[in-house]
Each structure stands twice: as structure tokens, then as C-alpha cells.
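Take a look at the structure set out below.
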Amino acid sequence: MPKVSTDAKKIDWLLNRAVENVYPSKAEVKKLLQKGERLTVYFGIDPTGPTLHLGHFINFRRLALFQELGHKVILLIGDFTATIGDPTDKAAVRKPLTREEVLANCKLYKDQAAQVLDFKGSNAVELKFNSEWLGKMNFADVLDLASHFTVQQMLERDMFQTRLKDGKPIHVHEFMYPLMQGYDSVAMDVDGEVGGNDQTFNMLAGRTLMKQLKNKDKFVITNELLVDPTGKKMGKSEGNMIALTDAPEDMYGKVMSWTDGMIVPGFRLCTDASDEEIKKIETAMKKGENPMTYKRDLAKRVVAWLVGEKEADQAAEHFTNVHQKHATPDEIPELKVKDRMSLVDALVASGLCSSKSDARRQIEQGGVKVDDEVVKDPNTNVRKGFVIQKGKRHFVKLV
RNA sequence: GGGCAGAUACCCAAGCGGUCAACGGGGACAGACUGUAAAUCUGUUGGCUCCGGCCUUCGAAGGUUCGAAUCCUUCUCUGCCCA
């Protein structure tokens, strides 16, 4: 049995760094952690996509620290839940995945998570699947679970309210999701859970069930979400959420494309920078210092964290060359061609443009370069050896 | 079960017999500018084209009409109200 540490600094970090809320309260959880008893904490992943992303890793950071302190950490794969479809944060119903899809997605998670969590040793992170208990429940069990909540409680959720207001459908099975997630806590008999702020409702359902079924006060720590504080752009644009399978240059680039307002939250959520350091950055930018410098620093740290130092350096260099100096990148995608073909066809064949019409438009608007020269005639022909560029950052070489 | 509304491009959302490939917003792409792929401004955003046009789209299938996203019928799905 690993020894449990009560390191004040670490506990402080756990409860404050990038934390949105702590239930029942920071003070109580702090007291609990200071007792030095070994606790069980978990984080649930909804296996709807094939890869983990930055959002998961933000939670892993907190888990890793729990692990470091000697607590038992469970990584739960919501393989059962994913077949139902989680309504969280979606205006519409998410379509359920098939079992096969879910299992395929799960496959790589462990490897990806191993980047920051320890799956070996005496205090290894335990991987669990909620189909283990949820798959065994019968209708009577489900009814019993459901009896612990009221429809009004379910409807409290923001997004249900929104949908009601907008006249959008709310399906009955969507009420089941918090129940299932809540029951996970009971089945694993955990002491606490961490998760994104957007999961608060589901996690609190677990608290309710835990109290009623096991008379246990499960704690919940919710993370800040990585969004622009002005709320302007990020809410829905998870499009530039960084996936673990992204190339390091892409990760770097995605951070650079975050709005300036995300720099400070980014440091708080994704780096080990001390609070003082972050404060300094904040004031410096307020005084008018170029945010780009800090964003580049952040981008590099994020890549280093997710992939490695070396890759981070390379990604930074790549960015300087391609985006700031506008140099042609060293490695550009290649397209095999017979000999000569029309520029339009080449653009479509390489995937740079989605259709011939699109290609023509791009050319006519001056968005296409061949061997560094803007080409405005859509009837231009190209042949082997030419480098075609669309916009600032899309290249293809004909070979 | 009854009544009433609705289904439009990637998303939201106008249009309600011809001038509709379909207003506007978001997103995306491009251009200018810059501090970067930020912000701002501008343009583009169904497909094909011998650049004359041609073809396919407005929940589905039929119908009326010289002509339909627009009118009619049936069907599917959704919301609201009543029971």
C-alpha cells in the first residue's frame, strides 16, 4: 500500500490551481486530504472520439498529482454511456455509438494517457469500464436509480432550459445520462471525482446518489474550462482543441490561433508556471507588451508537455519559418502527377480545394501561387516539380 | 386521441408562384493589414463549363401550373396547446 503524503503545497495546488469549484467546499476537502488517508479519485472519459485531447490532459494533471500524493486514481472509460449519447453542452442529441466504435476508440486511450499518468508501479492508475456494472442492470434497477431524482431537478440543467425555450426536443433517455454517470461513483465506491466544469451536473448527480445509497460525501473538483474569458469566440469552437494525435507543429499552431484572451487561462490550465509568473505575464500584456511572445511561450510549453521538449523546439522553429517568415516548409505534401495537368485539377486532386469551382474562385481571387508567383489565370497548366501554394499555409509539390 | 405550428445549403435563419443557387448571421476559405494562423476591414462560400450557359438542391413521394422552396394531396419527423 503506497504511503499517502499530505504535502501542503500540493494539496493547495489540487484545490486551487485552475479550479472552478469544489464540492462540498474547499475547506472540507482540504481537511479530508490532510488526514492522510488513502482516497479513491476518478475521472471519466466519454469515448466518443478516437483520441484524447488537451481537455482530458488538463484533468490528468490533477489526477497525476493525486497519484503522486499516494491516492488511488481510476480512469473510467464510459464505454456504456457512450452508447447512449451524452447531452452535455450539445444543443441537439448526440448520436449514440455502436459498441465496436466505442471499443476501437478505447484502444489507444491508455497509451495516450500514459504520457502523464503512471500505469505501472505500486500505485498504478486503474483503468475501468462502466459497462462492467451498467451493462448488468435491469429495468427495475434503473427505475430504482431514477427514483432518486425528480424531473424538475433534471430540467434545472442549463442546456435543457435552453432547449425548452428554443422548442428543441429533449429525449427521455437523456435524463439517464446523469444517473449512469452518478452510479459510476457508487459502483466504484470512490471518494472523489474530478472533471471539467461542463460536467458539474453529472458529477453532482453522483454526489446525490453516493449520499443516498452509501451515505458517503463524495467530493467533486471541477476544472476551469479553457475558454476566452470574454466568452467571445471559444464557447463552441472546440475546433482548435488540441488532439493528442495532432502533429507537434499543428498543436503549436493551434495554440497560436487561440485568441489573446486565452493566454492567461492557457498558462493556468496547461503549464506549471507559478501563479506569480502568470500574474507577471498578465500585467506585462496589460502594459502593452506583445502577447505573441507569451503565446509562443505557451505554445511551446504545451507541445513539450504533450509530446516532448525536442518536438516543441522543432514546432517553434517551424512556426517561425512558415508563419512569420513565410518560408516554404521543408516538408510539404507531395502529389504524384503524370506530367502536366491543369492547375485547377491539381488543386482538387491534392485536396487543397474541394471542387473545381472552388479552385477557380481561389485562383481568381489571388489565393494561389505557383512556385512563389501569384497566378490569376484559372487555365494555367502545371507540371512535375512545381510547388503550388494556396493561401499562406497550404502547400503541395508535384512529383 | 384532438387542435395548431414547423422541416430551407456545414450550422442558425429569411423567402411564401416567376427577377431564387435562394436575404442575413455564424463557421470555413482567400485578400489587405499586422504582432501570428489574434483583432479589424474586404471578397468568396452547390457542382460542371468550350465562360455562352448547363445540371442538381429548399423533409419524402405524387399533383396543379407555361413556370413551385413557395399552391394542393399523402407520408415521415419535430415542437406547442388540449385530453
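In what follows, every heavy atom counts, from backbone to side chain, and hydrogens, waters and symmetry copies are set aside. Each chain gets a letter, A, B and so on, in the order its sequence line appears, and its residues count up from 1. Values in this document were obtained by computation on a predicted structure and should not be read as measured data.
The partner of B/U64, taking Watson-Crick or G-U wobble pairs whose two distances both stay under 3.5 Å, does not exist in any strand shown. The partner of B/C33 cannot be assigned: no Watson-Crick or G-U wobble pair with both contacts below 3.5 Å exists in any strand. B/C10: Watson-Crick or G-U partner is B/G26, with both key distances under 3.5 Å. The pairing partner recorded for B/C54 is B/G47, the criterion being a Watson-Crick or G-U wobble arrangement whose two distances lie under 3.5 angstrom. For B/U78, the paired base is B/A5 (Watson-Crick or G-U wobble, both distances below 3.5 Å).
Of all heavy-atom pairs between A/Asp371 and A/Gly385, the closest is OD1-O, 4.4 Å.
Distance noted for atom P between B/C50 and B/C58: 28 Å (whole Å). B/A22 and B/A14 have their C1' atoms separated by 10 Å, given to the nearest Å. Distance noted for atom P between B/G15 and B/U70: 14 Å (whole Å). Rounded to a whole angstrom, the distance from the C1' atom of B/U76 to that of B/A61 is 11 Å. For the C1' atoms, the distance from B/C10 to B/G62 is 30 Å, rounded to whole Å. Going from the P atom of B/G1 to that of B/A68 covers 36 Å, rounded to whole Å. Distance noted for atom C1' between B/C23 and B/A9: 14 Å (whole Å). Using C1' as the reference atom, B/C48 and B/G6 are 35 Å apart when rounded to the nearest Å.
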May I have the list of side-chain donor-acceptor pairs in residues 276-284 of chain A shorter than 3.5 Å, sequence neighbours left out?
unit_1: A/Glu277; atom_1: OE2; unit_2: A/Arg301; atom_2: NH2; d: 2.7
unit_1: A/Thr283; atom_1: OG1; unit_2: A/Lys279; atom_2: O; d: 2.7
unit_1: A/Thr283; atom_1: OG1; unit_2: A/Lys280; atom_2: O; d: 3.0

Name every donor-acceptor pair, under 3.5 Å, that has one atom in a side chain of residues 289-297 of chain A and the other anywhere in the protein, sequence neighbours excluded.
unit_1: A/Glu289; atom_1: OE1; unit_2: A/Tyr294; atom_2: OH; d: 2.8
unit_1: A/Asn290; atom_1: OD1; unit_2: A/Met292; atom_2: N; d: 2.8
unit_1: A/Thr293; atom_1: OG1; unit_2: A/Asn290; atom_2: O; d: 3.0
unit_1: A/Lys295; atom_1: NZ; unit_2: A/Met256; atom_2: O; d: 3.3
unit_1: A/Lys295; atom_1: NZ; unit_2: A/Trp258; atom_2: O; d: 2.5
unit_1: A/Lys295; atom_1: NZ; unit_2: A/Asp260; atom_2: OD1; d: 3.1
unit_1: A/Arg296; atom_1: NE; unit_2: A/Tyr252; atom_2: OH; d: 2.9
unit_1: A/Arg296; atom_1: NH1; unit_2: A/Thr320; atom_2: OG1; d: 3.1
unit_1: A/Arg296; atom_1: NH1; unit_2: A/Gln324; atom_2: OE1; d: 2.6
unit_1: A/Arg296; atom_1: NH2; unit_2: A/Tyr252; atom_2: OH; d: 3.2
unit_1: A/Arg296; atom_1: NH2; unit_2: A/Ala316; atom_2: O; d: 2.8
unit_1: A/Arg296; atom_1: NH2; unit_2: A/Thr320; atom_2: OG1; d: 2.8

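For A/Ser357 and B/C48, the shortest distance from a side-chain N or O to OP1 or OP2 is below 4.0 Å. An OP1 or OP2 oxygen of B/U49 is reached within less than 4.0 angstrom by a side-chain nitrogen or oxygen of A/Arg360. Considering only side-chain N and O atoms, A/Lys356 lies nowhere under 4.0 angstrom from the phosphate OP1 or OP2 of B/G47. Look at A/Arg361 and you'll find a side-chain N or O under 4.0 angstrom from OP1 or OP2 of B/G47.
Between the CG atom of A/Asp345 and the C1' atom of B/U49 there is a distance of 13 Å, given to the nearest Å. Rounded to an integer number of Å, the gap from A/Gln362 CD to B/G43 P is 16 Å. A/Met256 has its CE atom 9 Å from the P atom of B/A37, to the nearest Å. Atom-to-atom, CD of A/Gln365 to C1' of B/A32 comes out at 13 Å; the value is rounded to the nearest Å. The CG-P distance, from A/Leu298 to B/A38, rounds to 16 Å in whole Å. Rounded to a whole Å, the NZ atom of A/Lys376 is 21 Å from the P atom of B/C51. We find that CH2 of A/Trp258 is positioned 15 Å from C1' of B/U36, with the value rounded to whole Å. Rounded to whole Å, the distance from CG on A/Asn290 to P on B/A38 is 14 Å.
Checked for salt-bridge contact, A/Glu174 and A/Arg157 miss the test: no charged N lies under 4.0 Å from a carboxylate O. Salt bridge status for A/Asp313 with A/Lys300: present, with a side-chain N to carboxylate O gap under 4.0 Å. Salt-bridge formation is detected for the pair A/Lys356/A/Asp345: a Lys NZ or Arg NE/NH1/NH2 atom is positioned less than 4.0 Å from an Asp or Glu carboxylate oxygen.
With a 6.0 Å radius and a threshold of 12 heavy atoms from other residues, nucleotides or ligands, A/Glu317 has its CD atom at or below the threshold.
Comparing A/Lys390 and A/Lys295 along RNA chain B, the residue whose closest nucleotide (by nearest heavy atom) sits nearer the 5' end is A/Lys390. Sequence order on RNA chain B of the closest nucleotides to A/Glu249 and A/Lys369 puts A/Lys369 first from the 5' end.
B/G52 takes the syn form, because its glycosidic angle lies no more than 90° either side of 0.
With hydrogens and angles ignored, a donor-acceptor pair under 3.5 angstrom links the side chain of A/Asp260 to the base of B/G35.
Contact annotation for A/Gly366: backbone-only contact, meaning every heavy-atom pair under 4.0 Å involves sugar-phosphate atoms and none involves a base.
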